[in-house]
Q: 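Before anything else, here's the structure in question.
Only this structure's heavy atoms are used, side chains among them; waters, hydrogens and symmetry mates stay out. Just so you know, these numbers come straight off a predicted model, no measurement behind them. This chain uses plain numbering: 1 for the first residue, then up along the sequence.
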Amino acid sequence: MGSRLMWATKAASYLKISTTFNTRGFASVVKDLKYADSHEWVKVDGNSATVGITDHAQDHLGDVVYVELPEIGTAVTQGSSFGAVESVKATSDINSPVSGKVVEVNDELTSSPGLVNGSPYENGWIIKVEVSDPNEVNSLMDSEKYTKFCEEEDGH
């Protein structure tokens with residue numbers, strides 16, 4: 001657990017955000033991000049948003065072996081799929097927590113999909129979006145609500 005806290009703290013420092021971590025021992029939740037109930041996170045900065053899957057999601061998926069990325073310029077809609085993550089256990093759609101246009105994709109994931117496992121909040125980000133409706137973020141969970149959501153989902 002110590003190494004996960006260390007990378008998560010480094011990720012938070014890199015993203016210039018404060019952190020709180022749940023104490024379940026297997027997944028971290030970063031404060032100041034917003035979370036969808038489909039286990040994606042978003043960091044909004046003005047009208048730009050960085051999107052990835054949560055530590056909880058990657059933990060349940062297992063080792064990620066492939067990430068399907070959208071094309072730059074693709075329109076994404078809140079709650080709708082824009083790609084997929086394939087792991088040794090399953091394939092899971094990735095849903096956008098915000099609506100807008102994809103302005104950047106993390107090409108590193110093509111050759112190193114395991115970044116989603118090792119660094120979901122930093123190097124494992126998936127897309128960057130030019131947000132079309134900043135108010136959509138208000139419908140997402142904060143770190144505290146997301147932690148409770150995960151605990152309830154896992155039956156803890």
Side-chain angles (χ1 to χ4, degrees), residues 1-70 76 78-79 81-87 89-90 92-98 100 102-131 134 136-151 153-154 156:
M1 170 119 170
S3 64
R4 282 190 187 250
L5 286 176
M6 186 167 41
W7 72 254
T9 302
K10 285 181 182 177
S13 173
Y14 174 78
L15 294 170
K16 296 179 175 53
I17 54 179
S18 59
T19 58
T20 58
F21 301 100
N22 66 36
T23 56
R24 290 176 296 146
F26 68 90
S28 63
V29 175
V30 179
K31 191 177 177 183
D32 297 336
L33 298 181
K34 293 290 192 169
Y35 299 88
D37 60 8
S38 51
H39 301 287
E40 292 84 15
W41 59 265
V42 63
K43 180 182 189 313
V44 177
D45 184 13
N47 71 336
S48 177
T50 303
V51 175
I53 68 167
T54 66
D55 190 36
H56 180 84
Q58 72 77 26
D59 186 68
H60 280 269
L61 282 168
D63 293 337
V64 173
V65 295
Y66 178 74
V67 180
E68 178 188 318
L69 299 168
V76 293
Q78 185 180 48
S81 173
F82 66 81
V85 176
E86 186 177 325
S87 74
K89 292 183 185 177
S92 180
D93 285 340
I94 311 168
N95 297 322
S96 185
V98 292
V102 177
V103 293
E104 189 175 346
V105 298
N106 188 350
D107 289 322
E108 289 291 314
L109 298 178
T110 303
S111 59
S112 301
L115 290 171
V116 170
N117 296 112
S119 184
Y121 300 116
E122 187 179 348
N123 298 327
W125 64 273
I126 297 171
I127 61 171
K128 294 190 180 184
V129 175
E130 184 181 296
V131 178
E136 285 181 337
V137 175
N138 298 331
S139 68
L140 301 172
M141 292 178 269
D142 62 17
S143 59
E144 188 175 313
K145 286 181 183 170
Y146 181 68
T147 297
K148 288 179 184 170
F149 174 79
C150 291
E151 288 171 351
E153 189 176 76
D154 288 347
H156 293 331

Q: If you compare all heavy atoms of Trp125 against all heavy atoms of Asn106, which two are closest, and at what distance to 0.1 Å?
A: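 The answer is O-ND2, 2.7 Å.
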Q: So which heavy atom on Lys34 is nearest to which on Val137, and how close?
A: CG-CG1, 3.5 Å
Q: For Glu108, is the CD atom crowded, meaning more than 12 foreign heavy atoms sit under 6.0 Å from it?
A: no
Q: Any idea which heavy atoms bring Val67 and Ile126 closest together, and the distance?
A: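 Reported closest heavy-atom pair: CG1-CG2, 4.5 Å.
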Q: Which distance, rounded to the nearest 0.5 Å, do you find between the NZ of Lys128 and the CG of Asp45?
A: 9.5 Å
Q: Who pairs with Lys145 by salt bridge (charged side-chain N to carboxylate O under 4.0 Å, His left out), at least two apart in sequence or on another chain?
A: none
Q: What's the spacing between Tyr146 OH and Leu33 CG if we round to 0.5 Å?
A: 11.0 Å
Q: Can you name the nearest heavy-atom pair linking Phe82 to Ser96, along with the distance?
A: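 Looking at all heavy atoms of both residues, the shortest contact is CD2-N, 3.6 Å.
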Q: Working to the nearest 0.5 Å, report the span between CG of Leu69 and CD1 of Ile94.
A: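 Going from CG on Leu69 over to CD1 on Ile94, the span is 7.0 Å.
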Q: Go through the side-chain N and O atoms of Tyr121 and Ser28 and say whether any donor and acceptor fall under 3.5 Å apart.
A: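 Absent: no donor and acceptor within the cut-off.
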Q: About how many Å separate OG1 of Thr110 and OH of Tyr66, when rounded to the nearest 0.5 Å?
A: 7.5 Å
Q: Rounded to the nearest 0.5 Å, how far apart are NE2 of His39 and CD of Gln58?
A: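 Reported to 0.5 Å precision, the distance equals 12.5 Å.
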